[in-house]
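Protein chains get the first letters and strands the later ones, always in sequence-line order, with residue 1 at the start of each. Small disclaimer: the values here were computed from a predicted structure and weren't measured.
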Number of protein chains: 2
Amino acid sequence: MQANDCAAALAAAEGLCEARGTRLTELRRRVLEIVCASARPIGAYAILDVLRDDGRPGAPPTVYRALDFLLEQGLVHRLASLNAFIGCSHPAEHHGGQFLICERCGCVGELDSHEVEDGIVRAAAAVGFAARTQMVEILGRCAACRDAPA
Amino acid sequence: MQANDCAAALAAAEGLCEARGTRLTELRRRVLEIVCASARPIGAYAILDVLRDDGRPGAPPTVYRALDFLLEQGLVHRLASLNAFIGCSHPAEHHGGQFLICERCGCVGELDSHEVEDGIVRAAAAVGFAARTQMVEILGRCAACRDAPA
DNA sequence: TGGTGAATGTTATACAGTAACGTGTGTTAC
DNA sequence: GTAACACACGTTACTGTATAACATTCACCA
Ligand SMILES: [Zn+2]
Ligand SMILES: [Zn+2]
Ligand SMILES: [Zn+2]
Ligand SMILES: [Zn+2]
């Protein structure tokens with residue numbers, strides 16, 4: 001995520017939490033900032049390292065609790081295949097999300113195609129399965145890396 | 001996976017490895033058997049417990065190496081959201097796979113819809129991303145649990 | 001018969017996540 | 001005011017997941 005996107009994400013988070021009556025505390029705000037400032041998905045312990053560099057006290061529950069709040073609010077996503085977190089690029093609407101993970105540069109883009117989501121719900125329903133939420137992580141080459149050599 | 005499915009999976013694995021010139025050793029075969037014999041996804045350390053019950057020596061790398069081989073051969077799948085493994089229900093053709101995970105009974109079904117897969121590839125291509133492989137895990141209720149109370 | 005590479009054994013460690021309990025702080029009820 | 005309460009955060013300890021690094025064994029072939 002770019003620096004200006006990061007500032008925009010923080011501003012959006014402020015507004016959303018204000019509107020929802022939830023508390024974006026200093027710690028939660030800082031964790032969101034760390035996640036959004038990272039160009040690539042970042043792990044919980046890497047976030048913790050940054051917090052400690054800040055001079056804060058900190059242990060794993062510190063960061064996991066903040067991340068739980070941010071996940072609930074839809075401000076960050078967790079990538080199950082990487083055990084890492086990224087900022088949501090459009091948090092106003094809660095969504096499962098589909099993620100494009102570049103195997104060359106490590107960047108992650110968010111897709112959020114309703115066609116894909118609905119197609120999955122329908123395909124599941126066709127075999128009697130009632131889909132509630134879905135996790136879609138796509139590995140490949142991003143536009144910038146697409147034509148690079150192996 | 002049912003017992004007869006398990007036997008069939010082992011037989012299919014023998015044939016595939018034979019045809020490919022890869023070695024389905026005693027250990028790898030036993031790990032595949034353990035995974036296929038489990039009605040639900042099974043974790044690496046649970047597999048390790050079974051191996052030890054067999055009287056084998058064993059440490060985490062033992063089972064992770066066997067699983068790496070089975071994953072490469074497309075004989076098992078890893079469910080990233082559960083950190084667990086299941087036998088592939090039709091290993092002849094390599095595939096990313098789409099998984100239907102029941103939140104009530106814990107069973108997992110394999111979907112493998114080409115429509116879904118192709119839809120994802122197209123949606124990714126539309127934003128310049130070249131998809132190589134995809135991970136789709138769908139949470140909800142299986143047909144048997146669909147109408148059960150919460 | 002000795003060399004080569006693959007598979008496995010073994011030890012140690014890194015990384016991910018949670019349980020349980022204590023502490024401070026602000027808000028509400030009386 | 002102050003007692004009661006809910007919530008966020010600090011702290012310790014632990015469980016679970018996965019890998020690095022090196023030693024050993026074994027199958028196969030020159
Ligand atoms: Zn998002
Ligand atoms: Zn890239
Ligand atoms: Zn499969
Ligand atoms: Zn079920």
Query raised in the report: Looking only at atom types and distance, does a side-chain atom of Glu110(A) sit under 3.5 Å from a main-chain N or O of Phe99(A), one as donor and one as acceptor?
Result: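 Answer holds: no.
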Query raised in the report: Counting just side-chain N and O atoms, does Thr62(A) come under 4.0 Å of either OP1 or OP2 of dG10(D)?
Result: yes
Query raised in the report: Given atom CZ of Arg56(A) and atom C1' of dA8(D), what is their separation to the nearest angstrom?
Result: 12 Å
**Report entry** Contact nearer the 5' end of DNA chain C, comparing Gly58(B) with Arg28(B)
**Finding:** Arg28(B)
Query raised in the report: Taking C-beta and beyond as the side chain, do Asn83(B) and Arg78(B) meet within less than 4.5 Å on heavy atoms?
Result: yes
Query - Other residues, nucleotides, ligands: >12 heavy atoms within 6.0 Å of Glu18(A) CD - result: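 Result for CD/Glu18(A): open.
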**Report entry** Asp68(B) CG to dA18(D) C1', straight-line distance once rounded to whole Å
**Finding:** 10 Å
Query raised in the report: How are the rings of His90(A) and His95(A) set to each other: parallel, tilted or perpendicular (split at 30° and 60°)?
Result: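 Judged by the thresholds at 30° and 60°, the geometry between His90(A) and His95(A) is tilted.
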Query raised in the report: Rounded to whole angstroms, how far apart are CG on Leu27(B) and P on dT10(C)?
Result: 13 Å
Report task. Under 4.0 Å between any heavy atoms, over every strand shown, what does Arg65(A) touch: base, sugar-phosphate, or nothing? Just pick one. Result -> base
Requested in this report: Identify, between Phe69(B) and Pro60(A), the residue whose nearest nucleotide on DNA chain C lies closer to the 5' end.
Outcome: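 Looking at the nearest nucleotide for each, Phe69(B) comes out on the 5' side.
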Query raised in the report: Within less than 4.0 Å of OP1 or OP2 of dC7(D), is there a side-chain N or O belonging to Arg23(A)?
Result: no
Query raised in the report: Between dA18(D), dA16(C), dA20(D), which nucleotide gets closest to the side-chain atoms of Tyr45(A)?
Result: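 Selected nucleotide: dA16(C).
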Query - Spacing of Asn83(B) atom CG relative to dT19(D) atom P, expressed in whole Å - result: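 Taking CG of Asn83(B) and P of dT19(D), I get 10 Å after rounding.
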Report task. Grab the CG-C1' distance between Leu24(B) and dT8(C) for me, whole Å please. Result -> 15 Å
**Report entry** side-chain hydrogen bond (donor to acceptor under 3.5 Å, both in side chains) partner of Gln73(B), the single match among Arg28(B), His94(B), Arg20(B)
**Finding:** Arg20(B)
Query raised in the report: dA8(D), dG9(C), dT11(C): which one has an atom nearest the side-chain heavy atoms of Thr25(A)?
Result: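 My answer, after comparing the listed nucleotides, is dA8(D).
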Query - Verify stack between Tyr64(B) ring and dT19(D) base, 5.5 Å, 30 degrees - result: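 Whether judged by distance or by angle, Tyr64(B) falls short somewhere, so it does not stack on the base of dT19(D).
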Requested in this report: Using heavy atoms to find the nearest nucleotide of DNA chain D for Pro61(B) and Leu82(B) separately, return the residue whose nucleotide is more 5′.
Outcome: Leu82(B)
